[in-house]
A.B. asks: 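One structure, as structure tokens, below. Some questions next.
Quick note: residue numbers are just sequence positions, from 1. Values in this document were obtained by computation on a predicted structure and should not be read as measured data.
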Amino acid sequence: MRFADIIGQDNIKRHLISSVKENRISHAQLFLGREGYGTLPLALAYAQYINCQNRTGDDSCGECPNCRKISKLSFPDLHFVFPVPPTGSSSVKAVSDTFFQKWTQFVLQTPYGNYQQWIDFVNEGKNSQGVIRADESSEIIKKLSMKAFNAEYKIMIIWQAEKMNIEAANRLLKLIEEPYEKTLFILIAESSEFILPTILSRTQLVKVSRIGDDELAAGLQNLLKLNSDNAKSLARISEGDLNRAIQYGNSSADLQQNFELFKKLMRVSFSFKIQDMVRLAEELGGLGRERQKSFLTYSERMVRENLIMNRRIQSLARFTNEEAEFAQNFSAFIHPKNTMLITQELDRAFYHISRNASGKIVFCDTIFKIGKALRMKE
């Protein structure tokens with residue numbers, strides 16, 4: 001992947017390119033930000049630029065043997081670690097190499113994809129979580145201890161670094177403290193909260209922020225073949241997240257359904273009519289688990305944007321035209337006090353749904369609590 005293939009993030013591109021040109025590549029770096037902002041594509045473009053045989057002042061050539069191999073994720077000096085599910089067999093290790101073919105397919109198809117999309121892709125219908133286990137450390141040592149094949153740097157990209165268990169993290173710390181010569185660790189994470197502080201202190205932070213609305217809209221016009229107005233609307237509600245924008249763009253029916261369900265949730269909750277609340281809980285409980293999670297995420301965004309509307313900062317509110325029309329009246333019921341309570345309940349519902357709780361019971365409880373919150377005075 002070349003830097004030119006990445007939407008926005010011009011400041012970070014310049015920083016990474018400058019670090020190569022000035023020969024000041026830090027041996028351990030943390031790319032911190034949402035996957036949809038481009039953390040993995042930036043790491044891949046950086047790896048390609050470092051090892052390009054004919055790089056220019058602002059990008060890799062994309063044509064040399066190293067570039068072609070890196071673009072296919074088949075470069076022998078570019079290694080990956082990522083969360084993997086259990087293999088279900090004591091004779092097959094649950095390490096990244098076991099799932100590498102799947103990983104290659106996933107990244108080439110969905111370079112801005114997130115953790116849940118990867119787990120759904122690799123699990124093929126099974127319900128298991130991905131972890132970076134201690135066994136990965138032995139694999140990393142084995143790979144990095146070998147002489148480079150045809151590269152200036154051996155590069156180890158650790159995607160979703162916050163998914164490392166404690167033992168794996170402690171072993172990685174030793175590798176970062178005593179790195180092999182001409183070795184680069186790129187850790188990619190959405191949050192630094194679950195990464196060992198001792199690892200954080202030894203990595204150079206590259207903070208990846210949201211993609212600008214104009215850049216995202218322009219990118220969406222090309223990717224999804226949208227007209228200018230639709231691309232701008234999609235960019236506005238996606239909060240600088242290309243992965244989310246693509247999901248919205250590819251599932252406009254789901255977006256519309258979420259909007260209709262959100263209106264119903266708020267109206268039924270506020271009415272506090274018990275029969276209607278139970279019927280709605282049954283309706284929401286009958287959705288598939290991923291649809292339930294999608295709806296809860298959507299609802300949290302809508303509550304947050306309605307608070308912005310309530311504070312009379314319409315220019316900052318991120319709505320589609322239909323959402324904005326609904327918010328003109330509904331936002332009067334949303335204020336800082338009940339926003340905190342409602343988002344807490346939506347977060348709690350998402351947590352329980354993710355762990356296979358009964359959807360009907362979860363939504364019944366959530367609807368009642370939202371109803372109470374909506375009736376609160378500011």
A.B. asks: Run the numbers on L234 and L224 for side-chain contact (heavy atoms from CB on, under 4.5 Å), then give the verdict.
C.D. replies: CA-CA 11 Å; L234 203 55; L224 303 181; 4.0 Å; yes
A.B. asks: Would you say that V303 contacts F262 through its side chain, given a criterion of any heavy-atom pair below 4.5 Å between the two side chains?
C.D. replies: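 Side chain of V303 against side chain of F262, heavy atoms only: contact under 4.5 Å found.
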A.B. asks: Assess the side chains of E35 and T39: does a donor N or O sit below 3.5 Å from an acceptor N or O?
C.D. replies: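 No - no donor-acceptor pair under 3.5 Å links their side chains.
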A.B. asks: Identify the residue among E190, E162, Q160, Q129 that makes a side-chain hydrogen bond (donor to acceptor under 3.5 Å, both in side chains) with Y115.
C.D. replies: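 Of the listed options, the one satisfying the test is Q129.
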A.B. asks: Who pairs with Y351 by ring-ring contact (aromatic ring centres under 6.0 Å, His included), at least two apart in sequence or on another chain?
C.D. replies: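 ring-ring contact (aromatic ring centres under 6.0 Å, His included) list for Y351, sorted by chain: empty.
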A.B. asks: From the options D77, I70, N51, select the one residue that forms a side chain to side chain contact (heavy atoms under 4.5 Å, CB included) with I155.
C.D. replies: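 Exactly one pass, corresponding to N51.
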A.B. asks: Determine, for R2 against D5, whether the closest basic-nitrogen to carboxylate-oxygen distance falls under 4.0 angstrom.
C.D. replies: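 Looking at R2 and D5, the cut-off is not met.
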A.B. asks: Under a 4.0 Å threshold between the charged nitrogen and the carboxylate oxygen, would E177 count as salt-bridged to K174?
C.D. replies: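 Result for this pair is no, no salt bridge flagged.
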A.B. asks: Do the ring planes of W103 and W118 sit parallel (below 30°), tilted (30 to 60°) or perpendicular (above 60°)?
C.D. replies: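 Perpendicular, since the angle between the ring planes exceeds 60°.
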A.B. asks: Using the test side chain to side chain donor-acceptor pair (under 3.5 Å), find all partners of R14 that sit at least two apart in sequence or belong to another chain.
C.D. replies: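 For R14, the residues satisfying side chain to side chain donor-acceptor pair (under 3.5 Å) (neighbours in sequence not counted) are N11.
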A.B. asks: A side-chain contact here means heavy atoms from C-beta on lying under 4.5 Å apart; do L16 and V20 qualify?
C.D. replies: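 No, too far: nothing below the 4.5 Å cut-off.
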A.B. asks: Can you check whether S331 reaches F326 side chain to side chain, under 4.5 Å on heavy atoms?
C.D. replies: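 Sidechains of F326 and S331: no contact.
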A.B. asks: Does any donor atom in the side chain of Q48 or R55 lie under 3.5 Å from an acceptor atom in the other side chain?
C.D. replies: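 Side chains of Q48 and R55: no pair found under 3.5 Å.
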A.B. asks: Is NZ or CZ of K163 both nearer than 6.0 Å to the six-membered ring centre of F194 and within 45° of the ring axis?
C.D. replies: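 Not flagged: K163 not positioned over aromatic ring of F194.
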A.B. asks: If you draw the axis of the six-membered ring of F270, does the NZ or CZ of R375 fall within 45° of it and under 6.0 Å from the ring centre?
C.D. replies: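 Yes - R375 lies over the ring of F270, closer than 6.0 Å to its centre and within 45° of its axis.
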A.B. asks: Any salt bridge between E239 and R244, counting N to O under 4.0 Å?
C.D. replies: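 Between R244 and E239 there is a salt bridge, with a charged N closer than 4.0 Å to a carboxylate O.
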A.B. asks: Could you walk me through whether R279 and E282 pass salt bridge (charged side-chain N to carboxylate O under 4.0 Å, His left out), step by step?
C.D. replies: CA-CA 5 Å; R279 275 196 291 268; E282 290 174 343; over 6 Å; no
A.B. asks: Going by atom types only, do R34 and N114 share a side-chain donor-acceptor pair under 3.5 Å?
C.D. replies: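 Not at all, the side chains of R34 and N114 share no donor-acceptor pair under 3.5 Å.
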A.B. asks: Under 3.5 Å, is there a donor-acceptor pair between the side chain of H27 and the main chain of T203?
C.D. replies: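 Judged by distance alone, no pair lies under 3.5 Å.
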A.B. asks: Can we say K369 and D365 salt-bridge, meaning some charged N sits less than 4.0 Å from an Asp/Glu carboxylate O?
C.D. replies: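 D365 and K369: salt-bridged.
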A.B. asks: Scan side-chain atoms only and decide if S294 and N258 contain a donor-acceptor pair under the 3.5 Å cut-off.
C.D. replies: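 Side chains of S294 and N258: pair found under 3.5 Å.
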A.B. asks: Using a strict 4.0 Å threshold on nitrogen-to-oxygen distance, state whether D97 and K143 make a salt bridge.
C.D. replies: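 Here D97 pairs with K143 in a salt bridge, since their nearest N and O are under 4.0 Å apart.
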A.B. asks: For Y153, check ring-ring contact (aromatic ring centres under 6.0 Å, His included) against everything at least two apart and list the hits.
C.D. replies: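 By the ring-ring contact (aromatic ring centres under 6.0 Å, His included) rule, Y153 matches no residue at all.
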A.B. asks: Does the distance from a Lys or Arg side-chain N to an Asp or Glu carboxylate O, for E167 and R171, drop under 4.0 Å?
C.D. replies: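 Between R171 and E167 there is a salt bridge, with a charged N closer than 4.0 Å to a carboxylate O.
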A.B. asks: Would you mind checking if E136 and R133 are paired as a salt bridge, meaning a charged N to carboxylate O distance below 4.0 Å?
C.D. replies: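 No.
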A.B. asks: Between V81 and I157, is a side-chain contact (heavy atoms from CB on, under 4.5 Å) present by the stated rule, with each step listed?
C.D. replies: CA-CA 6 Å; V81 166; I157 294 178; over 6 Å; no
A.B. asks: Please say which of N243, D241, L40 ends up in a side chain to side chain contact (heavy atoms under 4.5 Å, CB included) with Y112.
C.D. replies: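 Filter result, single survivor: N243.
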